[in-house]
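First comes the structure, then the notes that go with it.
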2 protein chains.
Amino acid sequence: MAAVDRSLVANLSMFAGLAPAEQEELLREARSVRYPKDSAVFEQGAEADRFFVLLHGHLRVEKTTPQGQQTVVRYVSAGELFGVAQAMNLSHYPATAVAAVDSVALAWPSSSWARLIAKYPSLASSALQTVGSRLQDTQARVIEISNEQVEQRVAHALLRLAKQAGRKVEAGIEIDFPISRQDVAEMTGTTLHTVSRILSAWETQGLVEGGRQRIVLRDPHRLHLLAEGAEENRPRAPKP
Amino acid sequence: MAAVDRSLVANLSMFAGLAPAEQEELLREARSVRYPKDSAVFEQGAEADRFFVLLHGHLRVEKTTPQGQQTVVRYVSAGELFGVAQAMNLSHYPATAVAAVDSVALAWPSSSWARLIAKYPSLASSALQTVGSRLQDTQARVIEISNEQVEQRVAHALLRLAKQAGRKVEAGIEIDFPISRQDVAEMTGTTLHTVSRILSAWETQGLVEGGRQRIVLRDPHRLHLLAEGAEENRPRAPKP
DNA sequence: CTTCGACCTTGCGCCAGCGCAACAAGCATG
DNA sequence: CATGCTTGTTGCGCTGGCGCAAGGTCGAAG
């Protein structure tokens with residue numbers, strides 16, 4: 001679509017270590033695309049014909065099981081590389097990416113990937129790093145779900161969201177896109193009901209402030225303690 | 001240590017697409033190292049000074065939380081690339097790799113990584129693929145733990161192990177390395193006790209055959225049904 | 001053959017959190 | 001401003017599977 005302004009993208013990590021002329025060349029192959037809120041950037045199971053860098057907005061990446069169970073895999077924020085299925089040798093996208101707010105992304109044809117990394121090895125490094133840190137995050141999540149109580153998991157999830165997409169407001173830190181209790185439930189492997197109960201309790205204690213698709217962390221520090229298993233509810237005591 | 005026989009490694013996926021001369025050159029930089037059962041290839045938190053390809057044996061990769069909770073992240077089988085922390089820009093190994101049986105691995109100094117991928121871009125692709133499929137697996141695991149009953153998760157875990165490291169025996173498929181109930185528990189986010197109970201029940205039904213650090217799948221097909229949530233115990237019915 | 005330690009089994013009681021269900025509160029649309 | 005839909009709240013009862021604890025079994029070492 002539109003030509004892309006280099007100044008917008010010069011400091012994306014993906015472009016780090018490339019000369020301006022090289023950046024230009026990369027950009028010349030990309031198209032910039034708008035995705036209105038709630039529209040899909042790509043769908044799980046569709047052919048992985050493009051890869052992307054998010055320029056603006058937030059995406060929710062979700063996976064649905066054959067039985068219809070949905071899970072929020074992660075959120076993508078501006079600056080991140082995503083949809084690199086082809087690079088991992090997947091011919092089809094393993095998940096669906098939906099714009100949580102109006103968003104803009106750069107899109108390259110997947111077919112260019114091989115040629116581009118051959119020409120710019122730093123791209124491969126960059127992708128490897130992206131995928132690597134995603135792997136770290138996902139493993140951390142496995143460990144959380146395995147070992148922690150629901151309350152701690154929700155606390156962790158909120159803190160991570162705040163870190164990734166927090167906006168400072170008077171009352172504390174607000175998560176910068178609409179997110180439902182259902183979404184939080186799907187991120188933490190629990191149910192809408194339980195999340196709702198927990199957030200209500202926290203609201204009473206002044207830890208968070210809720211609203212329709214809105215969450216503000218009022219006391220991140222205390223939340224952090226909760227997430228680490230402090231607070232009087234200790235399920236597995238260390239050693240007496 | 002020893003010089004490496006090229007014929008041993010010519011068909012590792014990591015070397016696919018490289019000319020014999022190039023393979024030779026890569027191998028010249030590697031050392032082959034023996035790891036006796038129960039010895040560590042690297043430790044969580046140690047400096048990531050090498051990366052590896054497993055030539056023979058099986059490794060158990062585990063992560064320990066600051067609170068002392070342990071989790072089995074995965075098992076590595078022969079032919080796989082592992083310990084590529086450096087490539088993901090981690091300066092330290094995020095987990096510990098322990099030989100589940102006597103094993104042999106090729107080791108390269110991490111410092112060579114950047115130079116090697118610049119010279120052989122196919123290495124980067126190969127690594128990206130490895131990390132990518134690991135990411136897929138880990139995400140699948142998150143979804144399993146989030147949505148499935150313990151019994152299904154254990155079934156899935158066993159089937160995956162059998163697929164990755166199964167050896168055909170008269171009684172069925174045996175998992176090719178010593179694995180304790182505790183290990184299975186750590187893979188599935190449950191407890192030793194629960195795993196033991198489940199395996200006992202399955203043994204009664206002729207689904208598996210147990211033993212000290214030994215598991216044989218007698219009826220993989222029926223296990224598969226169980227894993228997919230067939231069998232009369234349906235917690236979340238689709239729609240009536 | 002005995003001893004020791006690692007690994008496995010099993011019964012029992014309990015509770016976190018899920019499923020159900022009914023309702024309330026926003027927001028959008030005509 | 002009435003209607004309808006989506007999202008969030010909350011009470012209640014039930015249960016999967018965890019924690020605890022006691023005991024059993026197998027393999028290795030001497």
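Sequence lines set the chain letters: A, B, ... in the order given, protein chains first and strands last, and positions in each chain run from 1.
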I need the [atom1]-[atom2] distance between [X] and [N], as an integer number of Å.
X        : N      : atom1 : atom2 : answer
B/Glu203 : C/dC8  : CD    : P     : 12 Å
B/Glu186 : C/dC8  : CD    : C1'   : 15 Å
A/Leu199 : D/dT7  : CG    : P     : 16 Å
A/Glu148 : C/dG17 : CD    : P     : 12 Å
B/Gln182 : C/dA6  : CD    : P     : 14 Å
A/Arg197 : C/dA22 : CZ    : C1'   : 13 Å
A/Ile198 : C/dC18 : CD1   : P     : 8 Å
B/Arg181 : C/dT10 : CZ    : P     : 10 Å

Please determine whether a side-chain nitrogen or oxygen atom of [X] lies at a distance below 4.0 Å from atom OP1 or OP2 of [N].
X        : N      : answer
B/Ser180 : C/dC7  : no
A/Ser200 : D/dT10 : yes
B/Thr194 : D/dG17 : no

Q | Donor-acceptor pair present, B/Arg212 side chain and C/dA6 base, under 3.5 Å | A | yes

Give the minimum heavy-atom separation between [X] and [Y], together with the two atoms involved.
X        : Y        : value
B/Arg153 : B/Gly189 : NH2-O, 3.3 Å
A/Lys37  : A/Asp102 : N-OD1, 2.6 Å
B/Leu207 : B/Leu223 : CD2-N, 4.0 Å

Q. For the side chain of B/Thr191, counting heavy atoms from C-beta on, which of C/dG17, C/dC7, D/dC18 is nearest?
A. D/dC18

**Q.** A/Gln152 side chain near A/Glu144 side chain, heavy-atom distance below 4.5 Å
**A.** no

Q. Looking at side-chain heavy atoms only, is the closest gap between A/Val76 and A/Val61 below 4.5 Å?
A. yes

Q: Please figure out whether A/Ala201 or B/Arg153 has its closest DNA chain D nucleotide nearer the 5' end.
A: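 The residue closer to the strand's 5' end, by nearest nucleotide, is A/Ala201.
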
